[in-house]
Amino acid sequence: MFENLSERIASAFKQIKGEGRITDLNIANTVKDIRKALLDADVNFKIAKEFTDKVRDKAVGQKVLTAVSPGQQMVKIVQDELTALMGGEASELNASGNPAVILIAGLQGSGKTTFSGKLANYLKAKGKSPLLVAGDVYRPAAIDQLKVLGSQIGVDVYAEPDNKDPRQIAENALKHAKATNKNVLIVDTAGRLAIDEVLMNEVAGLKTALKPQEILFVVDSMTGQDAVNTARSFNERLDFTGVVLTKLDGDTRGGAALSIKYTVQKPIKFVSNGEKMEALDVFYPDRMAQRILGMGDITSLVERAQAQFDEEQAKKLEKKIRKNQFDFQDFHDQLQQIKKMGNLKDLMGMIPGMGKAMKDIDISDDAFKGVESIISSMTPFERANPDIIDMSRKKRIASGCGRDMNEVNQFFKQFEQMKQMMKGMANMPAMPRMGGRR
Ligand SMILES: Nc1nc2c(ncn2[C@@H]2O[C@H](COP(=O)(O)OP(=O)(O)OP(=O)(O)O)[C@@H](O)[C@H]2O)c(=O)[nH]1
Ligand SMILES: [Mg+2]
């Protein structure tokens, strides 16, 4: 995420970190390079200038020149200013109300429908009972798309395929939600290629009819400055409550994330970074600033792991590891959990220092494919009993998944090593025992 921007800012700091003596001149040079980096990331000119003026004034005001570690102090100033630029504090979604209504708006293809599904999934995990509403009446496929997402995450979808009046549909959906005890209504709407009166009237009409707690404006972060301009128009008309940035998994430069809050004075509430239903994060300006500065984001990484973590299952797994019974099925299940946490490259980028190292390495989600295919060509009995797999079984497994014997042997070797390592770790005295004595 924002690799180029991160790299440019890091190199701007190099000149100040490496210097034995800090002067007004190298502060000025650092600031100038940061400004260039922001402009190249498609941050609006005025915002970039104001930002770097602030950084310079603070640096001079805080006597960075005489500080013990001026480089670090500069980084801290930039970190604080980046956080402030993106909104300072995280802004919570208001899902109170019975039902709470959340209206989703934005241009065509920005990711509204996908986000509606992700939000429903997110709220469901928080104990809410959401209802998705198909408010896009123009494309018949739009209803199907929402229904597919709904069934994937186990959330009901309200649709009226023969009704062409989104306002009526939404009002009926509201009644339906009340009757079926749903406490959040998520209304997906139609998008258009460009801002036009028909689109604006339609969404404004929905706003009047539904009095939503939240109107979320969904915008494709790949569109940079355009994203910011569209946000401005939508905000003038709708006075929305928050922004959702989508497609942060692509090679977006960062301009939208950095300029939008400043421009519309509305918080970014969520960022979406992939097509999977789990690929949604609450937006934390401070964590994003850390990521941009190459400091990683361990907090989010841990939160993602926790969201996928099943305590019961973990306890069972620990027992098996202790008894040295960790098998191929367990291994397979663990892989699935990791994959659910999101795209691998994105996960690695959350580890401090890794973002830069990973920049040119292409890790796709296919990285596990070989291993997965080997496991899936085992019988359930083999998966649960790795020890019984002899040479002839290995040969059958290899031909079943179309991999060569070397690869299969290597995987078995790695699996054995991992098992030994796990056993060693599980039996270390420092590890708290679970389950108690028997
Ligand atoms: N990589 C990536 N793709 C996304 C993300 N969000 C949505 N998409 C994809 O972008 C395309 C458009 O997403 P939709 O959710 O259908 O967008 P929409 O705003 O509902 O589009 P319309 O209903 O046509 O206006 C789909 O192919 C999605 O899978 C994201 O965060 N990352
Ligand atoms: Mg849609």
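One-based numbering, in listed order, for ligands and for the atoms of each.
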- Task: Could you tell me whether Lys413 atom NZ has more than 12 heavy atoms of other residues or ligands within 6.0 Å of it?
- Result: no
- Message: Check the orientation of Tyr158 and His176. Use parallel for under 30°, tilted for 30 to 60°, and perpendicular for over 60°.
- Response: tilted
- Message: Using a 3.5 Å distance criterion without hydrogens, assess whether the side chain of Asn183 forms a donor-acceptor pair with backbone atoms of Asn98.
- Response: no
- Please write down residue, atom name and distance for the protein heavy atom closest to atom 17 (O) of ligand 1. Gly111 N, 3.0 Å
- Task: Select the closest option to atom 23 (O) of ligand 1 among Lys276, Lys247, Gln108, Arg139, judged by heavy-atom distance.
- Result: Arg139
- Keeping the roles fixed (side chain from Thr30, backbone from Phe13), state whether a donor-acceptor pair exists under 3.5 Å. no
- Query: Is there an N/O/S atom in Thr113 at a distance below 2.8 Å from the Mg ion (ligand 2)?
  - Reply: yes
- Message: Using a 4.0 Å cut-off to any heavy atom of Gly191, which atoms of ligand 1 qualify?
- Response: 25 (O)
- Decide, yes or no, whether a salt bridge links Lys54 with Asp57 under the criterion of side-chain N to carboxylate O below 4.0 Å. no
- Message: Below 4.0 Å from ligand 1: does a non-hydrogen atom of Ser110 turn up there or not?
- Response: yes
- Message: What protein heavy atom lies closest to atom 14 (P) of ligand 1? Include the residue and the distance to one decimal.
- Response: Thr114 OG1, 3.5 Å
- Message: Closer than 4.0 angstrom, basic N to acidic O: yes or no for Lys36 and Asp40?
- Response: no
- Which one of Leu107, Thr113, Asp249 has a non-hydrogen atom at the shortest distance from atom 20 (O) of ligand 1? Thr113
- Checking Lys266 against Phe240: charged group under 6.0 Å from the ring centre and within 45 degrees of the axis? yes
- Hey, is the main chain of Val244 close enough, under 3.5 Å, to the side chain of Lys269 for a donor-acceptor pair? no
- Query: Could a heavy atom of Gly109 be found less than 4.0 Å from some atom of ligand 1?
  - Reply: yes
- Task: Answer side chain, backbone, both or neither: which part of Asn273 comes under 4.0 Å from ligand 1, heavy atoms only.
- Result: backbone
- Under 3.5 Å, N or O to N or O, is Gly274 touching ligand 1 that way? yes
- Item | Protein contact of atom 16 (O) of ligand 1 - nearest heavy atom, named by residue and atom, plus distance | Gln145 NE2, 2.9 Å
- Item | Nearest-contact summary for atom 27 (O) of ligand 1 - protein heavy atom, Å | Glu275 OE1, 4.3 Å
- Using a strict cut-off of 4.0 Å, indicate which atoms of ligand 1 neighbour a heavy atom of Asp136. 23 (O)
- What residue and atom, counting heavy atoms only, is the protein's closest point to atom 25 (O) of ligand 1, and at what distance? Lys112 NZ, 2.8 Å
- When you measure from the centre of the six-membered ring of Phe270, is the NZ or CZ of Lys118 under 6.0 Å away and within 45° of the axis? no
